Amino acid sequence: MEGRAGGSPPSVQSVTDLPPEGLTDEEALGLARTGDERGFVALYRALQPPLLRYLTVKSPDGAEDVAAEVWLHVVRDLAAFSGDAAGFRGWVFTIARHRAIDHGRARTARPSVPVAEPSAAVATPTAPSAEAEAMERDATQQALALVATLPPDQAEMVMLRVVAGLDVETVAAIVGKKAGTVRVAVHRALKSLKDKTPGGGAP
Amino acid sequence: MNDHDDDPLVRALRAPGTPGELAGERDAVAAYRATFGAPRRSRRALGRLGLGGGAFVLSIALGGGVAAAYTRTLPDPVQDFAHSVLGPVGVPAAEPRERRPQPEIAAPAGPDTATAPPTPDSTTTTTDVPAEPGTTTPPTSPPTGNTSPRPGEATESAAPGGGPSPLPSPGQPSPTSPPTTDPTPPTSPPTAPPTTGPEPATPKPRAVSIAVSDATVDPGDTVVVSGTVTDAKGASVADREVRLAYRTAGGSWTVVATEQSSSTGSVSFTGPPVTENVATRLVVRRKVVSDKVRIEVEPSIELSAADERIDVSCIGGQAGDTVVLVRVTADGTKEVGRRVLSGSGTASFGIEPRSRRTVYVARLLRTPRHLSADDRLVVPRSAQGQRDVSGTPTSPT
């Protein structure tokens, strides 16, 4: 959601020729709402990684399932959504929070039955930069593990503010706290995590 | 946050998404397609859904989504997606797709399919609707009253790839249940013992089914219409003259082809090129007429930009049809203007120069003669910067 990849096209071009990465977040949202799949793909690729990371902290035992539920909900109600790209991002993470809470309640009420891990069957094919990707993924996983050591409320605010990229007011609205509380909590949490990390922050 | 932007921890948390994190993209896109339609026909399908169709989709999504997932009555992509999400708690996967053969699509179940019950058999329907033979006179009013075809209402749910179509639920009639519009079920038992005469009576045709190869066509395409002639017991009737009749919007029924049924009672026509929406049916004789099936024309529309102008070129539209140009914004769309198509199928819009790249969408509105069509165009800022090259710009709308 950080803008389009690449510069302006040199000439008039049908939007159907543009890759999803070539769309700004506002364009992607506008197109997705009018039924253009590329817009939705752009939104998904921009939001799914932070969404999954947020849910890894918020609902660690079912992050992927909850994320899938969130997208099902988003697809369902996208046509009725009104707002800009920032509002859309906040809406998605609000849904995610509610779904994660529901998931936690359901898990408490219903004992889990261990089943075979299906991840091997859906694993992504190895990319050419698999080694670099693995290192990056490890760093991200370590960082998420560090955030998960924070108190749950604080960890959630960090994830919404840092990973989801939501502004303070939106985070405050989602978690039901004052903006000042969010600002201070996130600052203290990041400072605390930095102090915990050997070498000043490298996870 | 700026104080921490350079923290390795923050950078790690914000690292680009990995392919593993995006592994669910296909399922999410499938769910999106199920709601908004396939890429090529998405906008048309969405437009054809209309208010009622939209409410139907939304009701599936909001009201009965979870229940529908458990009863396996969602559209297949959504069902698969729901299964992938809720499979551990018992939501089944979609059923196999062999029940939806591509070559044949469902014919509407009565003269007015908007009010007819869903047809259990998704391939063909057989009925015996009293009606006049295929002549140039308009049909009499059917029991349900409405005879004027409205675009999109007859075959929307049956069009292949035309958006989600509800599957019959387990509680709905079985495929062998007679249509409700059939006053005399063909399976009624004989009331007299078998005759012992020297020769069996010649079977009399009582019904003819109909199926079309495509319910939505490009302008000028032909459609294969097929059917089977049967008697009161459902047995095929051979060597019967079957007429293929078309009716355009506001027109009358016209016979466009005639064939003899084969030894298996089947008949197949390749109809004339379809240049506007038509209703079609097969006629064996008076009171032995198939259901009506609508064949709808999907026009094509193309946009091109020059100077401060967007030109629209349309194939399949009619002179006088309305084209609407809108600009895509973060809040949706904003109408730029409306034009009517010229005799050559073109229209032009003046556009204001904008300081950023702008996405425009032009839509040819649906009429009784064709479906809607739309196309998008991105006008980059660099192209607008060259607007003075060719002289005086067109006045913006």
Side-chain angles (χ1 to χ4, degrees), chain A residues 8-16 18 26-27 29-31 33-37 40-41 44-45 48-49 52-53 64-65 67-69 71-72 75-77 79 82-85 115 122-125 127 133 136-137 139-140 142-144 146-147 161-163 186 190 193-194 197 201-203, chain B residues 1 3-4 7-10 12-25 27-29 31-37 39 42-43 45-46 54 58 61-62 65 78 81-82 84-86 88-89 303-305 328-333 357 359 361 375-383:
Chain A
S8 297
S11 61
V12 175
Q13 181 179 17
S14 170
V15 74
T16 56
L18 286 175
E26 300 286 355
E27 289 170 350
L29 177 60
L31 293 179
R33 289 174 55 196
T34 57
D36 192 308
E37 184 178 305
F40 177 75
V41 170
Y44 181 89
R45 291 178 181 173
Q48 169 68 1
L52 202 54
R53 292 169 194 175
E64 292 184 358
D65 290 346
E69 281 189 68
W71 283 110
L72 192 59
V75 166
R76 206 173 61 186
D77 294 348
S82 61
D84 59 9
V115 296
V122 297
T124 303
E133 180 201 319
E136 193 170 70
R137 185 173 63 241
T140 301
Q142 290 176 30
L144 291 174
L146 267 179
V147 174
R161 184 82 178 94
V162 176
V163 179
V186 171
L190 291 177
L193 292 175
K194 188 174 182 179
T197 308
Chain B
M1 277 302 302
D3 297 342
H4 301 283
D7 279 359
L9 176 96
V10 171
L13 290 173
R14 291 175 171 171
T18 64
E21 288 175 319
L22 298 172
E25 178 176 315
D27 287 338
V29 171
Y32 179 83
R33 285 177 181 167
T35 301
F36 286 86
S42 61
R43 297 177 293 279
L46 191 63
L58 204 58
L62 292 178
V78 178
F81 185 63
S84 69
V85 173
L86 304 173
V89 292
L303 302 185
S304 59
V328 177
T329 68
D331 298 329
T333 57
R357 192 178 63 170
V359 178
V361 178
D375 190 24
R376 290 180 166 86
L377 185 74
V378 177
V379 179
R381 184 178 60 176
S382 59

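Residue numbers start from 1 in every chain, and the chains themselves are labelled A, B, ... in the order their sequence lines are given, proteins ahead of strands. Please read all numbers here as calculations on a predicted model, not as lab measurements.
For the ring pair (Phe, Tyr, Trp, His ring centres under 6.0 Å) test, residues two or more places apart in sequence or in another chain that qualify with B/Y32 are A/F40, B/F36. For A/S82, there are no side-chain contact (heavy atoms from CB on, under 4.5 Å) partners, not counting sequence neighbours.
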**OP:** Might you work through the side chain to side chain contact (heavy atoms under 4.5 Å, CB included) test for A/R76 and B/T35, ending with a clear yes or no?
**Re:** CA-CA 7 Å; A/R76 206 173 61 186; B/T35 301; 5.9 Å; no
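Two residues are said to be in side-chain contact when any heavy atoms from C-beta on lie closer than 4.5 Å; B/V378 and A/E27 fail this criterion. A heavy-atom distance below 4.5 Å is found between the side chains of A/V41 and B/E25. Between A/V147 and B/L13, some side-chain heavy-atom pair lies under the 4.5 Å cut-off.
Rounding to the nearest 0.5 Å gives a distance of 11.5 Å between CG of A/L31 and OG1 of B/T333. B/L22 CG to A/L52 CG: the interatomic distance, rounded to the nearest 0.5 Å, is 9.0 Å. One finds the CD atom of B/E21 at 14.0 Å from the CZ atom of A/R45 (value rounded to the nearest 0.5 Å).
Contact between A/Y44 and B/A28 at its shortest, heavy atoms only, is CE1-CB, 3.6 Å. Across all non-hydrogen atoms, the minimal contact from A/A139 to B/A12 is O-CB, 3.7 Å. Minimum interatomic distance between A/E37 and B/R33 (heavy atoms only, all atoms of both residues): OE1-NE, 2.5 Å.
Of all the listed residues (A/V163, A/V75, A/L144), the one sharing the greatest number of non-hydrogen pairs under 4.5 Å with chain B is A/V75.
With a 4.5 Å cut-off on non-hydrogen atoms, B/V29 touches chain A through its backbone and its side chain both.
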